[in-house]
There are 2 protein chains.
Amino acid sequence: MSEEPPRRRTIRDVAKAAGVSISTASNALNGIGRTNPETREKVRRIAEQIGFRPNALARSLLTKRSHSIGIITNDTYGRLTLPMTAGVSEALVDHGVSAFLCATNNDPRLAQLHLEALLDKQVDGIIFTATRADLTPPIDLTRLAIPVVYAFAIGPPTAPTFIPDDAQGARLAVQHLLDRGYRRILHITGLEDYLAAQLRAETYRDLAGAELDVLFGEWTEEWGHEAVRLVMERGGDLPEAIFCGSDEIARGVIDALRDRGLKVPEDVAVVGFDNWRVIATQTRPPLTTIDMELKELGRRAGLAMLDLTRGLPVEPGITRLPCSLVVRRSCGA
Amino acid sequence: MSEEPPRRRTIRDVAKAAGVSISTASNALNGIGRTNPETREKVRRIAEQIGFRPNALARSLLTKRSHSIGIITNDTYGRLTLPMTAGVSEALVDHGVSAFLCATNNDPRLAQLHLEALLDKQVDGIIFTATRADLTPPIDLTRLAIPVVYAFAIGPPTAPTFIPDDAQGARLAVQHLLDRGYRRILHITGLEDYLAAQLRAETYRDLAGAELDVLFGEWTEEWGHEAVRLVMERGGDLPEAIFCGSDEIARGVIDALRDRGLKVPEDVAVVGFDNWRVIATQTRPPLTTIDMELKELGRRAGLAMLDLTRGLPVEPGITRLPCSLVVRRSCGA
DNA sequence: TTGAAAGCGCTAACAT
DNA sequence: ATGTTAGCGCTTTCAA
């Protein structure tokens with residue numbers, strides 16, 4: 001019983017079967033140079049028949065383009081990274097480009113290891129992605145010979161960077177509330193040192209009235225509960241609506257309101273931020289919220305990468321991509 | 001201003017700088033064959049100095065090993081895939097192996113496209129991953145010339161397959177309840193046609209008593225609410241504890257119990273399944289639950305892949321990996 | 001229009 | 001112990 005290794009077909013096999021030279025076969029297959037239409041068809045037909053698929057490694061060695069890129073992420077959870085990665089792939093797969101995914105767990109050693117593996121494999125570029133936009137990468141990506149694109153992470157001014165438009169997202173939320181006649185709007189959000197929290201809060205103040213409260217806290221349900229408690233305790237008029245900095249906070253807020261016998265949206269309307277399905281669809285009532293369109297963000301980053309690897313010009317600097325409003329029952333449905 | 005392309009150093013550069021032949025340089029660098037310790041050190045030092053990194057593509061072309069694998073997933077959400085992928089990478093990165101991540105969105109066309117790109121790039125193997133163990137891949141992976149490993153998905157009997165041990169996980173949960181003296185235990189779970197639901201339910205019946213109820217429904221919070229309503233309506237003794245088939249269901253159950261003035265765990269203890277952080281840590285009280293150890297599962301799949309690509313024997317068939325119990329306040333903390 | 005030949009960067013016989 | 005040589009599978013001059 002000898003194991004017969006099912007050797008892959010090479011261009012040599014095609015050439016021989018077609019009775020032409022290797023270079024002619026190559027020309028025919030790639031539609032490059034002058035080739036007799038008949039031989040071209042013949043070569044292609046035979047290639048198809050014997051199931052020839054070019055060895056991308058060999059090709060890359062010569063063309064200096066590996067048709068692969070690396071995605072480096074510090075997200076261990078997946079909620080942000082996977083939709084984005086799916087978007088990146090979506091943009092690339094039709095061009096035969098594949099993406100290595102490297103989870104660094106924010107460990108510099110691991111990140112370095114991954115980076116080296118990527119560079120050795122001659123990736124055409126790297127997309128860096130984080131769970132928080134204003135966070136420094138665990139490794140220095142600024143001196144690479146290949147293009148680097150940042151997605152949901154802020155890079156150097158020279159690098160194309162794609163981030164959700166937090167201000168526009170907040171505007172969408174607040175405007176939605178205003179449009180429905182809500183006036184006394186409260187903003188309960190996460191940690192003040194998050195750039196995203198600041199941007200959303202600023203927009204909120206601009207739109208809803210500068211004198212209004214912003215309650216900074218944690219990005220948790222618990223903080224949502226706590227914040228409602230604080231508001232109730234200090235007395236005075238209840239807010240008509242609450243714009244929450246995240247769906248988790250919104251969930252806490254909604255639960256806390258219900259605990260106190262307040263109805264959403266009849267007594268207080270609530271809007272969240274993230275459209276994290278497992279939360280937003282399961283609050284009672286389901287949550288009206290802002291979607292950051294992560295997949296589209298990934299797609300845009302992928303397209304930028306594609307252009308860069310082709311030497312096309314790509315606008316450097318930050319591009320903020322629009323969020324969308326998802327209306328459910330907690331406000332306006 | 002001429003752009004000087006910063007050409008990467010090749011082994012040729014190293015050889016020249018060290019005054020040896022290319023093959024000696026290669027030997028020295030790879031520590032293969034007989035090499036004079038001195039020249040070896042010299043070559044290595046020089047390689048280090050000029051920042052030489054071998055071109056993995058060239059090497060792969062020769063050795064037929066690309067040191068890259070493909071992960072094909074139908075998960076668009078990331079909750080399962082990302083931890084698993086991180087585990088896979090963790091197992092592989094120290095061996096210089098990187099993983100292409102392909103999100104198929106369950107679209108056969110997309111899956112096929114990705115598969116072709118992977119094969120063209122000569123991946124050493126493929127790991128298939130799904131959001132549900134008993135689901136058929138959107139493409140045929142059984143006739144490939146490279147090894148295929150299934151993780152959180154069931155493959156053909158000939159392929160190594162890694163799945164969480166649902167029965168053991170359920171046993172962990174139920175035993176935890178029994179150990180604490182709870183006797184009338186109810187099982188509220190998801191769709192009956194999920195293999196995982198069946199296995200968990202079976203174990204539950206074996207341990208907690210065959211006459212006991214299993215309420216099959218959806219994998220949602222809503223079903224948790226609904227199930228509690230059903231139980232209350234039909235009257236009779238309340239269960240002392242509820243083992244839920246998922247954290248989402250558990251969350252619904254806990255909320256429904258609280259709505260009815262029942263305290264968890266004082267009146268009814270609750271245990272979930274998944275350890276999905278965003279849910280389990282945020283229920284009130286936080287949820288005692290079963291963790292499927294997805295990262296470890298990925299690591300095991302990665303290690304199996306590693307062995308396979310080295311021609312080492314790997315046990316085919318299903319390997320069920322142990323779950324762990326995470327104790328929080330909803331039971332036993 | 002086609003083919004011969006060189007070579008991408010590296011490894012691995014084989015000779016020395 | 002080291003160097004020479006022959007490729008891996010492909011693209012790309014350059015000659016025919």
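The sequence lines fix the lettering, A, B, ..., with proteins before strands; numbering per chain opens at 1.
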How would you list, by chain and number, every residue that makes a side-chain contact (heavy atoms from CB on, under 4.5 Å) with A25(A), sequence neighbours excluded? I11(A), A15(A), V20(A), V43(A)
A103(B): side-chain contact (heavy atoms from CB on, under 4.5 Å) partners, not counting sequence neighbours: A86(A), T73(B)
Tell me, please, which residues at least two apart from R12(A) pass salt bridge (Lys or Arg N to Asp or Glu O under 4.0 Å). none
Going by the rule ring pair (Phe, Tyr, Trp, His ring centres under 6.0 Å), which residues pair with F100(A) if we only count those two or more places apart in sequence or in a different chain? F100(B)
Can you give one letter per nucleotide of nucleotides 6-11 of chain C, 5' to 3': B if a protein heavy atom sits under 4.0 Å from the base, S if only from the sugar-phosphate, - if neither? -BBBBB
Got a sec, which residues hit side-chain contact (heavy atoms from CB on, under 4.5 Å) with A17(B), two or more places apart in sequence or on another chain? I46(B)
Could you pull out all residues at least two apart from R45(B) that satisfy salt bridge (Lys or Arg N to Asp or Glu O under 4.0 Å)? none
side-chain contact (heavy atoms from CB on, under 4.5 Å) partners for S23(B), two or more places apart: S21(B)
Between the two end axes of the helix from dT1(C)-dA16(D) to dT16(C)-dA1(D), each built from 5 base pairs, what angle do you get to the nearest 10°? 50°
For D140(B), which residues count as a side chain to side chain donor-acceptor pair (under 3.5 Å) partner, sequence neighbours excluded? T142(B), R143(B)
Would you say D124(B)'s side chain and I69(B)'s backbone share a donor-acceptor pair under 3.5 angstrom? no
Check each residue of residues 38-51 of chain B for a non-hydrogen atom within less than 4.0 Å of any atom in DNA chain C, then write out the ones that pass by number, or none. none
Output the residues of residues 113-124 of chain B in contact with DNA chain D, where contact means a heavy atom of the residue under 4.0 Å from an atom of the strand; sort by number or write none. none
Taking only side-chain nitrogens and oxygens of S21(A), does any of them come within less than 4.0 Å of OP1 or OP2 of dG3(C)? yes
